[in-house]
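The basis for the numbers below is simple: all heavy atoms, side chains too, and nothing from hydrogens, waters or symmetry mates.
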Amino acid sequence: MADEDDSRHDPPQDDEEEDDTPPTPPSKPGVAGSKPLTTDMVASHVSLLARTGNGLAHAYTRLELHGEGVTNVDALEYYPHLRYLDLSNNALRDIDALASLEYLLSLDLSTNALRTVPASLDKRKYLQHANFAKNRIEAFEVTSWPLCAWLNLNENKLTALSLPEFHELVHLEARNNKLTSMNGIAAQKLQRLYLGGNNIDKLSNLEDKVNLQLLHLRGNKIKSLEGLSDGLRSVNYLNLRGNHIEKAEELDALVGLQSLKVLVLMENPIDQISNYRLEVLLRCPKLERLDKDAVVDDERDEVEQYRQQLEREKAEAAAAATAKPEEETE
């Protein structure tokens, strides 16, 4: 499934001109193994010349620098017009210096050594795409990126995640962290939510996710489908593979997911119950794939026969229950 990068909103222009020869940033006390970003390195990797300010000047707006082992980016304070920043696959430990980059649209800091996404990056008015995958992040301190549509926090060490003011977020990935709850993700426009490989034991905070289309929760500790809301009218893909769902009656929670096309429940105890596929398809008649196998027409015919069989058995049981008291009266 393709990721989306919403770049419809451009930052306003400003009047400041770019200095072609920025001064060398003041040196800081040395740290063993440190490698600061230098203005020479920046000059070798910037691109995308664009108008800035009142349209009378130009500045480079894109910087891509990978695999250089950079640990410090203080030099970026001299490049305030950067909009696209890709410093993936380095060794960054601190990114407070990015607070000066007011006009960022896209930020890729994946595969670094970050432990925090600091509050100094809060309120980035124009940021739409952010990738922090494969770091060591334990705290995400940002509360508001009002235009952010795509956020990747995969493979970190987050135990909790709060996104109170991410009103335009449609794609969120936080796989392979240590999250214990789905609470705190207040993005009502979410369309794709990936939370596989965490320690979540309960479905929650889904009531207002009316735009959600994909929900990926593989490899958690979920025991019950309680929490699947009828409001999830747009969900067409649900992956709960490798959880702890056991009881057949849990399947009743799927009835409200009227748009569901793909369901993955394999590697749960429930996939061992008698007539497993028939029981699922009875509740989700629009499914096109269950686990790894497509639903074929012959199987749908079998589901209809199974439904009729259950109705007969139910009617017979009701009749027998009515007849028994009459016999006891006689």
Side-chain angles (χ1 to χ4, degrees), residues 5-7 9-12 14 16 18-19 22-28 31 34-48 50 52 59-154 156 158 161 163 165-166 168-169:
D5 180 3
D6 185 349
S7 56
H9 305 275
D10 289 329
D14 55 68
E16 185 176 356
E18 180 72 18
D19 187 347
T24 302
S27 59
K28 291 189 174 183
V31 178
S34 65
K35 183 178 180 179
L37 181 69
T38 66
T39 53
D40 288 341
M41 295 168 68
V42 173
S44 299
H45 293 84
V46 289
S47 61
L48 193 59
T52 65
Y60 288 107
T61 59
R62 184 187 300 273
L63 172 61
E64 297 184 38
L65 192 150
H66 314 136
E68 297 288 343
V70 172
T71 60
N72 179 293
V73 291
D74 287 353
L76 291 183
E77 67 179 285
Y78 300 108
Y79 299 87
H81 300 294
L82 285 174
R83 297 182 183 184
Y84 307 93
L85 181 61
D86 184 347
L87 295 173
S88 57
N89 195 26
N90 279 286
L92 296 177
R93 297 185 289 263
D94 185 303
I95 53 174
D96 279 317
L98 302 187
S100 63
L101 304 183
E102 180 180 354
Y103 302 117
L104 276 179
L105 294 174
S106 178
L107 178 62
D108 189 345
L109 298 177
S110 58
T111 317
N112 276 280
L114 301 175
R115 295 188 180 275
T116 303
V117 180
S120 60
L121 297 187
D122 204 9
K123 315 296 184 185
R124 298 295 92 185
K125 293 184 292 184
Y126 312 113
L127 187 63
Q128 298 166 25
H129 183 289
N131 189 352
F132 294 94
K134 297 184 180 180
N135 279 275
R136 306 168 189 172
I137 297 169
E138 299 175 352
F140 187 85
E141 298 177 352
V142 172
T143 62
S144 175
W145 284 342
L147 291 183
C148 185
W150 194 96
L151 177 60
N152 189 336
L153 293 164
N154 288 340
N156 282 289
L158 292 166
L161 181 60
L163 303 174
E165 297 181 32
F166 279 67
E168 298 298 321
L169 192 63

*Answer yes or no: is there a side-chain heavy-atom contact under 4.5 Å between L107 and N131?*
no

*asked:* Taking the side chain as everything from C-beta on, heavy atoms only, tell me whether P118 gets closer than 4.5 Å to I95.
replied: yes

_Holding to side chain to side chain contact (heavy atoms under 4.5 Å, CB included), I want the full list of residues that pass it with R124, two or more places apart in sequence or in another chain._
L127, W145

*Hey, does T116 have a side-chain heavy atom less than 4.5 Å from the side chain of D96?*
no

_Keeping K125 on the side-chain end and Y103 on the backbone end, is there a donor-acceptor pair under 3.5 Å?_
no

*Between the side chain of N90 and the main-chain N/O of V70, is any donor-acceptor distance below 3.5 Å?*
yes

*Say you draw a straight line from OG of S47 to CD of E64; how long is it, rounded to the nearest 0.5 Å?*
6.0 Å

_Using the side chain to side chain donor-acceptor pair (under 3.5 Å) criterion, which residues pair with N112? Sequence neighbours excluded._
none

*Is D94 close to D74 at the side-chain level, that is, under 4.5 Å between some pair of heavy atoms?*
no

*Gap separating the CG atom of L104 from the CG atom of L76, nearest 0.5 angstrom*: 9.0 Å

*For S100, what residues pass the side chain to side chain donor-acceptor pair (under 3.5 Å) criterion, not counting sequence neighbours?*
none

For residues 136-143, dump all side-chain donor-acceptor pairs below 3.5 Å to protein atoms at least two apart in sequence or in another chain.
from, atom 1, to, atom 2, distance (Å)
E141, OE1, A119, N, 3.1
T143, OG1, D122, OD1, 3.4
T143, OG1, D122, OD2, 2.8

*With the side chain counted from C-beta on, respond yes when H81 and R83 share a heavy-atom pair under 4.5 Å apart, and no when they do not.*
no

*Residues which pass side chain to side chain donor-acceptor pair (under 3.5 Å) with N154, listed by chain and number, not counting sequence neighbours*: N152, E173

_Sidechain-backbone polar pair: N156 side chain, N135 backbone, donor-acceptor under 3.5 Å_ = yes

_Heavy-atom closest pair, residues M41 and E68_ = CE-CB, 4.3 Å

*Residues forming a side chain to side chain donor-acceptor pair (under 3.5 Å) with S88, sequence neighbours excluded*: D86

_F132 versus A130, closest heavy-atom pair with distance_ = CE1-CB, 3.8 Å

*Could you walk me through whether L158 and L153 pass the side-chain contact (heavy atoms from CB on, under 4.5 Å) test, one step at a time?*
CA-CA 9 Å; L158 292 166; L153 293 164; 4.1 Å; yes

*Tell me, do E165 and K123 make a side-chain contact under 4.5 Å, heavy atoms counted?*
yes

*Closest heavy-atom contact between L101 and P80?*
CD2-CA, 4.0 Å

*Spatial distance of atom CG (L147) from atom OH (Y126) [nearest 0.5 Å]*: 9.0 Å

_Could you check whether any side-chain N or O of D108 sits under 3.5 Å from a backbone N or O of S110, counting only pairs where one atom can act as donor and the other as acceptor?_
yes

*With sequence neighbours excluded, residues passing side chain to side chain contact (heavy atoms under 4.5 Å, CB included) with V46*: V42, Y60, L63

*Please examine the side chains of L87 and V73, heavy atoms only from C-beta on, and report whether any two atoms are closer than 4.5 Å.*
yes

*What is the distance from atom OG of S106 to atom NE2 of H129, rounded to the nearest 0.5 Å?*
5.0 Å

*Is the backbone of L48 close enough, under 3.5 Å, to the side chain of T61 for a donor and an acceptor to pair up by distance?*
yes

